S.K.: 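There's a structure below that I have some questions on.
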Amino acid sequence: MTTLSLVIPDQSLPRAIPRASSLDDLVSGEVGLIVRIDGAGLARGRLIEMGLTPGVRVRLVRRAPFGDPIEIDVLGNHFAIRRELASLVFVSTQQCTVGAGV
Amino acid sequence: MHGGGRGVSPSSAGAVAVVPSRIALLGPPNVGKTSLFNALTGMFQKIGNYAGVTVEKTQGWIQFGPHTFPVTDLPGTPSLITVSPDEEVVLRYLQGADPTDRPDLVVVILDATRLRRGLFLLSQVIEFGLPAVVCLNMIDEARAAGLDVSAAQLEKVIGLPCVETVARRGLGLEELKAAIQSTFEKSRSASSGDGSKGVKRWVFPPEVEARFQQSLDVEPIDGCERAWNRIRAFVGEDQGLKSLETFSRYQWVETLLHGRTHVEFSNRTDRIMLHPLLGPMIFIMIMGVVFQSIYTWAEPAMESIEALTEWCSTSVRLTVGSGLFGDLIVDGMIAGVGAVLVFLPQILLLFFFIGILEDTGYLARAAFIVDRPLSVVGLSGRAFIPLLSSYACAIPGIMAARTIPSRWERFKTIFIAPLMTCSARLPVYTLLIAAFVPSTPVLGFFTTQGLVLLALYLVGILGSVLVAAILGTPDPESEVPMILELPPYRWPMFRVIIVRMWQRASSFVKRAGTIILKSSIIIWALLSFPIAQIPEGADASRAQGIQIEQSYAGRLGHAIEPVIAPLGYDWKIGIGLIASLAAREVFVSTMGVVYSLGSETDEESQALRSTMRTERHSGSGELVYSLPTVLSLLVFYIFALQCVSTLAVVWRETGSFKIPIAQFVTFTLLAYAAAWVTKILATWAMS
């Protein structure tokens with residue numbers, strides 16, 4: 001993970017590290033900037049190959065009628081993932097203001 | 001094509017040009033790959049399996065001048081790196097694991113409205129070094145949305161031939177075929193045959209790229225080793241490098257796109273379809289229609305097939321007479337063919353609806369809505385339709401399990417599907433309940449008969465939950481996580497749906513039909529041999545009764561009597577249990593034969609009911625059908641897998657005969673245990 005943090009493009013790296021919450025903690029319609037992805041194996045591999053890489057914006061579109069899974073929008077693709085999987089994705093939610101300023 | 005040779009067709013220049021012998025279609029899910037495949041190949045398709053696994057392999061043929069060449073429609077896969085066991089098939093196929101069936105050219109299909117994921121996959125395909133043609137599908141939608149994408153631009157930046165298509169309307173097919181042909185000719189004339197020539201690869205960030213290049217210097221590069229394998233080896237198990245690699249690929253994609261974006265997803269429909277309150281209501285309505293269709297609407301067609309079978313039997317009977325040969329033809333073979341064909345209406349209807357739901361994009365939404373409740377038993381929303389269908393009949397239900405992407409979940413769904421109370425159990429339930437359960441009003445509205453029937457359904461659900469819990473969940477490390485892609489809503493393509501229905505039906509007849517036919521002949525033989533001595537003066541019904549008692553099935557019934565005696569069953573019920581392996585409802589007509597009432601007896605027969613009510617054990621003289629015994633028999637039918645056709649389909653769908661055997665043994669033991677407990681409890685309660 002240390003090598004990873006070196007290469008996150010500058011423009012997407014927030015100046016001050018804001019509170020990083022899990023993707024699952026977003027409210028419907030909220031956008032977060034991906035900070036890191038935890039986990040291992042197929043689960044992690046699938047997440048990042050869906051385009052959930054650090055620096056990418058992800059939007060929680062809605063939660064399913066029974067609360068789980070959640071629908072997310074990443075790079076224009078909509079996916080449903082379970083909250084358990086979403087909790088591996090850490091996002092910062094203050095990037096919108098910081099990102100806009102840079 | 002013959003023996004792995006390459007096809008030859010005259011080119012326009014008059015020289016003999018070589019065209020590819022094998023083309024593979026590859027793309028992420030939901031890019032219109034199947035539509036394109038159908039548009040290219042037409043109606044003639046073959047469904048098989050990849051060697052050693054049960055992943056379906058669809059093959060068609062494409063016309064190049066006077067020649068036809070095989071095209072394989074590979075399962076949709078978002079990536080070739082992180083692959084589930086099923087997607088590994090795609091990987092191995094592209095790598096040419098089977099030298100006799102190695103693709104010579106890959107057509108990579110991209111959704112022009114959402115290029116990023118497709119280009120990500122393309123970055124991996126390029127590294128395979130196979131000749132490739134890029135197909136920008138749904139270009140009309142991209143244009144309509146004002147996206148600045150064109151094949152010419154993409155071709156310039158990627159260096160691979162690109163064509164624009166609208167597969168759903170059959171546009172761009174000739175251009176695609178021309179591109180395939182010229183690409184192949186080019187790669188044949190170039191000595192290396194390396195399709196990645198002139199293509200600019202993505203690179204790691206500088207310091208990592210340097211390390212990567214060093215690793216290449218250290219290890220000598222084998223001529224046939226592709227860049228892709230080297231990258232895979234370099235990244236290895238390092239999670240950081242894995243992220244970097246994916247990230248760098250997406251960076252490469254961004255440089256290709258030059259800030260071009262994607263078509264924004266329309267949210268309006270889903271605001272209603274996935275609404276917290278309306279969503280589940282619409283879901284229930286749609287599923288209600290699907291269920292109703294296979295439960296009720298299939299009925300007239302099934303009855304016509306049965307009538308047709310009957311008519312054939314009668315006509316053949318007139319021709320060949322009533323001898324043993326006639327019996328074999330009529331009761332063995334024609335009845336067997338009828339037993340296969342009778343499933344077709346339900347299979348066709350179910351796959352018609354699944355086709356519509358899949359094509360419109362609602363199938364994924366349905367899974368999204370119902371995922372949470374099913375996750376309690378370790379399944380996902382994808383298991384809903386297969387399990388729901390199994391309430392009509394386990395056979396279409398088990399076939400519908402193909403739509404489940406996770407291998408483990410598919411297995412689990414197939415395993416528990418026979419526990420859903422299928423319609424073939426109803427005649428057995430109706431007969432036993434109507435004859436033996438008193439119709440006492442309960443709470444003014446219900447009757448005991450209705451409540452018993454309801455309890456039978458509920459116990460079935462309980463049993464499936466129990467079995468699902470015992471099967472557990474797989475190792476999360478090796479199993480694909482539940483990721484549902486929610487594609488934009490589209491109008492269904494009826495041509496594609498009909499082709500798919502036809503494929504399902506014909507593969508059922510070809511693959512499972514033969515087993516069902518054979519087993520129904522075997523069951524007929526068990527009931528008909530050896531031929532009994534019929535005493536003078538016995539009428540036809542009496543003769544049938546004597547025949548069945550002295551047959552092998554009758555002897556088996558006697559043989560298993562000690563085993564089933566604790567449940568209160570005699571050898572006559574034993575015959576019924578054996579005969580109902582052909583199909584559960586056969587229990588009713590078999591009991592009719594056993595009690596010498598003729599083979600036309602059905603569950604509404606008053607004669608059968610009254611005979612059963614007065615039937616006594618030959619030794620003790622006690623009533624056979626005491627209430628505890630009846631309840632125990634009902635419970636036995638909830639769990640027991642008394643259906644050879646189901647076993648045949650499970651065998652074909654899972655590719656392993658061990659799974660149906662395991663199911664049969666598990667459910668028979670479960671049925672026996674549950675029936676025994678019921679008998680004991682009911683006897684105790686009534687004493």
Side-chain angles (χ1 to χ4, degrees), chain A residues 1-12 28-29 34-57 59-90, chain B residues 28 78-79 81-84 113-114 116-117 120 204-205 207-208 237-244 246-251 261-265 267 270-271 274-277 279-280 283 364-365 367-373 375 380-381 476-488:
Chain A
M1 290 316 268
T2 45
T3 42
L4 176 64
S5 59
L6 288 175
V7 298
I8 293 174
D10 266 334
Q11 69 271 15
S12 59
S28 292
I34 296 167
V35 180
R36 66 166 209 276
I37 318 273
D38 282 0
L42 264 173
R44 183 173 187 278
R46 266 296 147 87
L47 283 173
I48 60 174
E49 283 174 0
M50 279 156 64
L52 289 163
T53 51
V56 168
R57 268 161 220 206
R59 183 165 62 97
L60 192 149
V61 182
R62 63 168 60 79
R63 290 170 191 277
F66 298 109
D68 198 10
I70 58 169
E71 178 182 344
I72 58 166
D73 173 2
V74 55
L75 303 174
N77 293 296
H78 286 228
F79 299 100
I81 57 174
R82 288 198 180 146
R83 297 178 58 185
E84 192 188 354
L85 191 63
S87 69
L88 298 175
V89 181
F90 285 85
Chain B
S79 162
I81 294 187
T82 312
V83 287
S84 67
T113 64
R114 253 167 292 277
R116 280 183 179 78
R117 280 183 92 207
F120 177 81
F204 285 111
E207 66 279 12
V208 184
E237 298 296 307
D238 189 323
Q239 295 293 332
L241 274 183
K242 175 83 193 75
S243 285
L244 255 187
T246 311
F247 184 75
S248 309
R249 284 182 196 275
Y250 271 112
Q251 290 271 296
T261 166
H262 47 263
V263 177
E264 269 310 328
F265 204 90
N267 208 6
D270 271 341
R271 238 174 251 158
L274 299 179
H275 185 273
L277 215 69
F283 171 83
R365 267 87 178 175
F368 179 66
I369 290 173
V370 85
D371 184 71
R372 177 79 187 94
S375 69
S380 83
E477 290 283 293
S478 62
E479 191 55 23
V480 219
M482 204 289 293
I483 297 176
L484 273 174
E485 190 171 338
L486 303 173

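Keep in mind the model is a prediction, meaning the values are calculated, not measured. A, B, ... follow the sequence lines: proteins, then strands. Residue 1 opens every chain.
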S.K.: Measure F120(B) against the heavy atoms of chain A and call it side chain, backbone, both or neither at under 4.5 Å.
M.R.: side chain
S.K.: Report which part of R271(B) has an atom under 4.5 Å of a heavy atom belonging to chain A: side chain, backbone, both, or neither.
M.R.: both
S.K.: For residues L75(A) and R117(B), determine if any side-chain heavy atom of one lies less than 4.5 Å from a side-chain heavy atom of the other.
M.R.: no
S.K.: Which answer fits E71(A), side chain, backbone, both or neither, if we ask what part of it has an atom under 4.5 Å from a heavy atom of chain B?
M.R.: both
S.K.: Can you tell me how far CD1 of I48(A) sits from CG of L244(B), rounded to the nearest 0.5 angstrom?
M.R.: 9.5 Å
S.K.: With a 4.5 angstrom heavy-atom cut-off, could you sort out which part of S248(B) is near chain A: side chain, backbone, both or neither?
M.R.: neither
S.K.: Could you verify whether a donor N or O on one side chain and an acceptor N or O on the other, from R44(A) and S243(B), lie under 3.5 Å apart?
M.R.: yes
S.K.: Less than 4.5 Å to any heavy atom of chain A: does that hold for the side chain of I81(B), its backbone, both, or neither?
M.R.: both
S.K.: Which atoms of L85(A) come close to chain B, meaning under 4.5 Å heavy atom to heavy atom: side chain ones, backbone ones, both, or neither?
M.R.: side chain
S.K.: Quick one: what part of R83(A) sits under 4.5 Å from any heavy atom of chain B, side chain, backbone, both or neither?
M.R.: neither
S.K.: Measure S375(B) against the heavy atoms of chain A and call it side chain, backbone, both or neither at under 4.5 Å.
M.R.: both
S.K.: Are any non-hydrogen side-chain atoms of V56(A) and Y250(B) less than 4.5 angstrom apart?
M.R.: no
S.K.: Testing the basics here: between A43(A) and P481(B), what is the closest heavy-atom pair and its distance to 0.1 Å?
M.R.: CA-CG, 3.6 Å
S.K.: What heavy-atom pair brings P54(A) and F247(B) nearest, and what distance separates the two atoms?
M.R.: O-CE1, 3.2 Å
S.K.: From the options V370(B), I369(B), L277(B), select the one residue that forms a side chain to side chain contact (heavy atoms under 4.5 Å, CB included) with P65(A).
M.R.: I369(B)
S.K.: Considering only heavy atoms, which portion of P373(B) lies under 4.5 Å from any heavy atom of chain A: side chain, backbone, both, or neither?
M.R.: side chain
